Amino acid sequence: MIKLAKFGGSSLSHEAQFRKVKKIIESDAARTVVVVSALGKRVPSDNKITDLLYILHAHMQHDVEYETIWQTIYQRFVEVRDALQLNVPIEKELEKIIQMVAAKKVSVDYLVSRGEYLTALLMSDYLGYRFVDAKDIIAFHYNGKFDTERIALQANAAYKKYGKIVVPGFYGAYPSGDIKLMSRGGSDITGSILARALRVDVYENWTDVSGILMGDPRIIDNPETITEITYRELRELSYMGANVLHEAAIRPIQEVKIPLNIRNTNAPADPGTTISSDEKCTTYDITGIAGKKNFISLILYKSQMSDEVGFLSRTMQIFERHEISIEHVPTGIDNVGIVISKHSVENNLYELLDELKSELELDEVEVVDDLALIAIVGGNMRGNIQLTGKIFMTLSQIGVNASIISKSAQELNLIVGVKNTEYEKAVRSLYEELVRK
Ligand code: ASP
């Protein structure tokens, strides 16, 4: 049994968090592969090391004084090392970095990756695990895609050789050896890619919450935690705003069916959320509710639209030309609604409307602004006639009109559109009705 344990920045913010991590690792001998982010915030007003490194690079580039920022970074690593009485010669590593900065010979990717690199050096010493640099395992092709074959070879060789390893997250290397960063929050991806390469039994993602919540805690009082969720359900929820994991972390493990367990470093006894491909039934009718505000619906009217072959395809091409991603397409006989995010047409809405009107020879375009979308997600919804009834009954009882309704073909989600101003009220009532009753 092999467990990969990835720890996020909040689990690594200072010495006390390192101690918790060690306890977690030592409590289960299967936890032999550890991936770390960079030191995170100790308190909400604190800075993440990653953010400081980005700022340091910008200051270097623009010849702005950076000594204070550098001292903050320097001190944070030295403090953890000293508090844990480790032997890592961290000053030497830090000196090397600042010399490169002083000579302006450092790429942003290299400099920012040092957050994870130094954190992993400290953690490996503290755990007595072998430090394995991500540049020697996480291989990228020059086109920026993962070289999965090379990753599998390198990861397995290192694991076989050392048995217990700590790998910095968030970066890898091109064939030239140059460092490449992933997108923000990328340590989740490193965890996922490594979990797959090593075919571990479980990928544990340790963070500061006890799993994924069934609803947004900013809207709902104390929402319950989801104990089991499928990868597909999670995709639906994260797409609609529930964010716990980096989106790109799901696919690599979903393909090889490695379960992912989200756990809380500050409450390690909590079981957290397990994400897998098993279609297990939850105690509730639904798995969760998520949603986003600020959508816009463009309703296109044209007589005889339904008889016109290729109308939708021509419509889509116009949106594609503007690189606008379409969220939903509710259709009528001679009209079709195109739901997009407001943000995507911030600068070119009128131009887009003109093009739609003239190229598609429309009779009219109606713009419905300030829409919010609510997604009710769950594999249990399939064929559940009562549930759909309950949803609309709830909305009608609170006087909210569902202007857009769409159910995915797999019946994994049901999306309703409401006014932005009614969003919170609708989410709260739906949650009460579908989860708490
Ligand atoms: N430290 C990086 C970030 O802040 C990567 C990560 O935490 O996963 O985005």
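Hydrogens, waters and symmetry mates play no part in the numbers below; they use all other heavy atoms, side chains included. In listed order, ligands and their atoms are each counted from 1. Everything numeric in this text was worked out from a predicted model, so none of it was measured.
- The two atoms that bring S37 and G8 nearest to each other are OG-CA, 3.5 Å, heavy atoms only.
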Could you go through ligand 1 and note, for every N or O atom, any protein N or O atom closer than 3.5 angstrom, writing the atom names and distance to 0.1 Å, or 'none'?
| residue | atom | partner | partner atom | Å |
| --- | --- | --- | --- | --- |
| ligand 1 | 1 (N) | T50 | OG1 | 2.7 |
| ligand 1 | 1 (N) | E116 | OE2 | 2.7 |
| ligand 1 | 4 (O) | K48 | NZ | 3.0 |
| ligand 1 | 4 (O) | R184 | NH2 | 2.9 |
| ligand 1 | 7 (O) | S37 | OG | 3.3 |
| ligand 1 | 8 (O) | G185 | O | 3.4 |
| ligand 1 | 8 (O) | G186 | N | 3.3 |
| ligand 1 | 8 (O) | S187 | N | 2.9 |
| ligand 1 | 8 (O) | S187 | OG | 3.0 |
| ligand 1 | 9 (O) | R184 | NE | 2.8 |
| ligand 1 | 9 (O) | G185 | N | 2.8 |

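- Separation of the Y117 and F131 ring centroids falls under the 6.0 Å cut-off.
- R130 pairs by the side chain to side chain contact (heavy atoms under 4.5 Å, CB included) definition with V132, Y162, I165, not counting sequence neighbours.
- Summarising the local packing, CD of Q71 is surrounded by more than 12 heavy atoms from other residues, nucleotides or ligands at distances under 6.0 Å.
- Cation-pi geometry between R251 and Y231 is not met at under 6.0 angstrom from the ring centre and within 45 degrees of the axis.
- Taking the ring axis of Y423 as reference, the NZ or CZ atom of K293 does not stay both within 45° of it and closer than 6.0 Å to the ring centre.
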